[in-house]
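Here is the structure we will look at.
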Amino acid sequence: MPGILLDAILPIFAVASLGVLVGRWFNPDPRPISQLALYVFSPALIFSSLSTADIPLSDILSIFGFLVLWTPAMYIVSRLIAWQFGFRAKSQNAFLLSTLFMNAVNYGLPVAFFGFGEEGLDRALLFLAPMAIMSGTFAIWVASNGTSGSGLRGFLPLLRIPTFYATLGALAINPLNLQFPTFVANPLNLLGDAAIPTMLIVLGLQLTRASIRADLFPASVATILRLLVSPALAYGCTLILGMDGVTQQVVIVLSGMPTAVYTIILATEFDSRPNQVTSAVALTTVCSLFTLTSLLWMVQHWL
């Protein structure tokens with residue numbers, strides 16, 4: 001496990017710490033930077049990755065099926081807990097962002113590789129396709145629901161978020177095996193490569209503004225759901241679907257990842273208590289040092 005700590009977790013803290021330093025020294029407004037990540041870098045990353053990925057239909061349907069079961073189960077649990085503890089409106093939106101969306105990219109991919117090798121990395125890459133759809137659709141609805149009304153009106157912001165179109169376009173193009181010309185592929189890759197570092201910088205900037213003490217309780221509750229309840233629900237879903245082997249192990253571990261940095265971008269854009277989401281991202285990331293080590297050991301030895 002030392003390799004996972006050194007190669008997957010410490011780089012996240014290193015880049016985010018640069019954002020903290022910039023926030024302390026210059027006190028910039030994080031929203032313009034988060035808008036760059038949301039409207040430019042993230043769509044480029046999603047499109048460049050999914051449009052050229054080798055995704056077997058049977059495997060992606062299996063993982064889609066997993067998320068079809070896991071997502072509503074986790075949503076219901078999160079809503080019940082939010083209601084129990086009195087989280088309402090934007091606080092509820094922030095809580096749901098903190099519990100439903102995991103860091104399956106810049107954290108999950110290295111963990112899958114170090115924990116399960118190339119075979120595990122392949123499964124983790126497949127996991128990104130449905131997660132990209134959720135990030136470009138469901139996550140936006142959750143983040144914007146408190147500012148855009150309720151019901152179907154909550155989906156209207158999807159029409160102006162390019163990640164939605166990038167996801168649909170990439171999955172439509174993928175089966176065609178198109179090779180983009182260099183003057184198209186290179187800019188896409190450059191912009192996509194900027195997405196994760198920018199998200200981590202935004203995390204650092206938000207950490208300088210977050211009141212950890214004020215948001216400690218909702219962040220702590222979200223941490224329990226994200227790191228403990230979520231993989232437990234994932235295990236049950238894999239049993240229902242008959243999943244086994246490395247595929248089962250990987251989806252359970254990815255379900256136990258800390259809160260996605262991407263949720264800070266959405267919470268900032270839609271003013272859904274970004275400080276609360278940032279506190280959850282920070283707390284889940286720190287606690288995942290211990291929970292993920294245990295989770296990896298359990299799935300490797302018991303499944």
Side-chain angles (χ1 to χ4, degrees), residues 46 49-50 53-81 96-113 115-142 163-164 167-168 170-171 174-175 222 224-260 262-263 284 288 291-292 294-303:
I46 290 172
S49 298
L50 293 185
D54 184 11
I55 308 176
L57 182 60
S58 59
D59 289 343
I60 197 170
L61 287 177
S62 176
I63 294 178
F64 262 96
F66 166 80
L67 285 172
V68 167
L69 287 179
W70 175 87
T71 302
M74 192 66 186
Y75 180 78
I76 291 171
V77 171
S78 297
R79 284 293 299 267
L80 289 175
I81 296 297
L96 292 174
L97 285 173
S98 303
T99 60
L100 292 172
F101 305 101
M102 71 285 289
N103 192 341
V105 182
N106 54 310
Y107 199 155
L109 293 182
V111 168
F113 176 72
F116 306 100
E118 289 289 346
E119 192 177 7
L121 181 60
D122 290 341
R123 268 67 174 181
L125 286 170
L126 290 176
F127 195 85
L128 297 185
M131 282 306 302
I133 292 178
M134 287 181 60
S135 297
T137 55
F138 185 43
I140 296 171
W141 178 76
V142 170
T163 52
F164 175 67
T167 301
L168 296 182
L171 292 180
N174 180 274
I224 294 173
L225 266 67
R226 176 91 298 281
L227 301 182
L228 301 179
V229 175
S230 175
L233 285 176
Y235 174 65
C237 291
T238 62
L239 293 180
I240 293 173
L241 292 171
M243 300 173 68
D244 56 14
V246 175
T247 301
Q248 180 190 29
Q249 295 171 340
V250 169
V251 297
I252 291 173
V253 169
L254 291 179
S255 298
M257 288 289 145
T259 303
Y262 179 75
T263 58
T284 56
S288 69
T291 60
L292 277 178
S294 302
L295 186 59
L296 277 166
W297 184 89
M298 285 189 291
V299 299
Q300 288 173 343
H301 290 81
W302 294 353
L303 297 180

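All residue numbers refer to positions in the sequence shown, counting from 1.
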| Checking T284 side chain against T259 main chain: does a donor-acceptor pair fall under 3.5 Å? | yes
| request: Evaluate the ring planes of W297 and W302, with Trp represented by its six-membered ring, and classify them as parallel (under 30°), tilted (30 to 60°) or perpendicular (over 60°). | output: perpendicular
| Shortest non-hydrogen contact from R226 toward M257 | NH1-O, 2.7 Å
| query | Would you say the side-chain atoms of Q249 pair up with the backbone N or O of G120, donor to acceptor, closer than 3.5 Å? | reply | no
| note | d(W141 CH2, L96 CG) to nearest 0.5 Å is 8.0 Å
| Distance in Å, I224 CD1 paired with T291 OG1, rounded so as to fall on 0.5 Å steps | 11.5 Å
| task | Search all heavy atoms of L296 against all heavy atoms of G115 and return the closest pair with its distance. | result | CD2-CA, 4.3 Å
| task | Measure the shortest side-chain to side-chain distance between T163 and Y262 over non-hydrogen atoms and say whether it is less than 4.5 angstrom. | result | yes
| said: Which heavy atom of L227 sits nearest to which heavy atom of P231, and what is that distance? | reply: O-CG, 3.2 Å
| message | Is it the case that atom CZ in F116 sees more than 12 heavy atoms from other parts of the structure closer than 6.0 Å? | response | yes
| task | For the pair M131 and L67, evaluate side-chain contact (heavy atoms from CB on, under 4.5 Å) and give the outcome as yes or no after the intermediate values. | result | CA-CA 8 Å; M131 282 306 302; L67 285 172; 4.2 Å; yes
| side chain to side chain contact (heavy atoms under 4.5 Å, CB included) partner of L303, the single match among T238, V246, I252 | I252
| request: For the residue pair W70 and S230, establish whether any side-chain heavy-atom pair is separated by less than 4.5 Å. | output: yes
| said: If I compare all heavy atoms of P258 with all of L292, which pair ends up nearest, and what's the gap? | reply: CD-CD1, 4.3 Å
| task | With rounding to the nearest 0.5 Å, note down the distance linking OH in Y75 to CG in L80. | result | 10.5 Å
| said: Let me confirm one number: the CE-OG1 distance from M134 to T71, rounded to the nearest 0.5 Å. | reply: 3.5 Å
| query | Do any N or O atoms from the side chain of R79 and from the backbone of M74 form a donor-acceptor pair under 3.5 angstrom? | reply | no
| remark: Heavy-atom closest pair (A139 atom, F101 atom, distance to 0.1 Å) is CA-CZ, 3.3 Å
| field | Approximate separation, where rounding is to 0.5 Å, of L225 CG and L100 CG | value | 9.0 Å
| message | Nearest 0.5 angstrom please: L233 CG to L228 CG, how far? | response | 11.0 Å
| query | Which atom pair, heavy atoms only, marks the closest approach of L97 to T263? | reply | O-CG2, 3.5 Å
| So do the side chains of M102 and F127 get within less than 4.5 Å of each other, counting heavy atoms only? | yes
| With side chains defined as the heavy atoms from C-beta onward, is the minimum distance between R123 and L254 less than 4.5 Å? | no
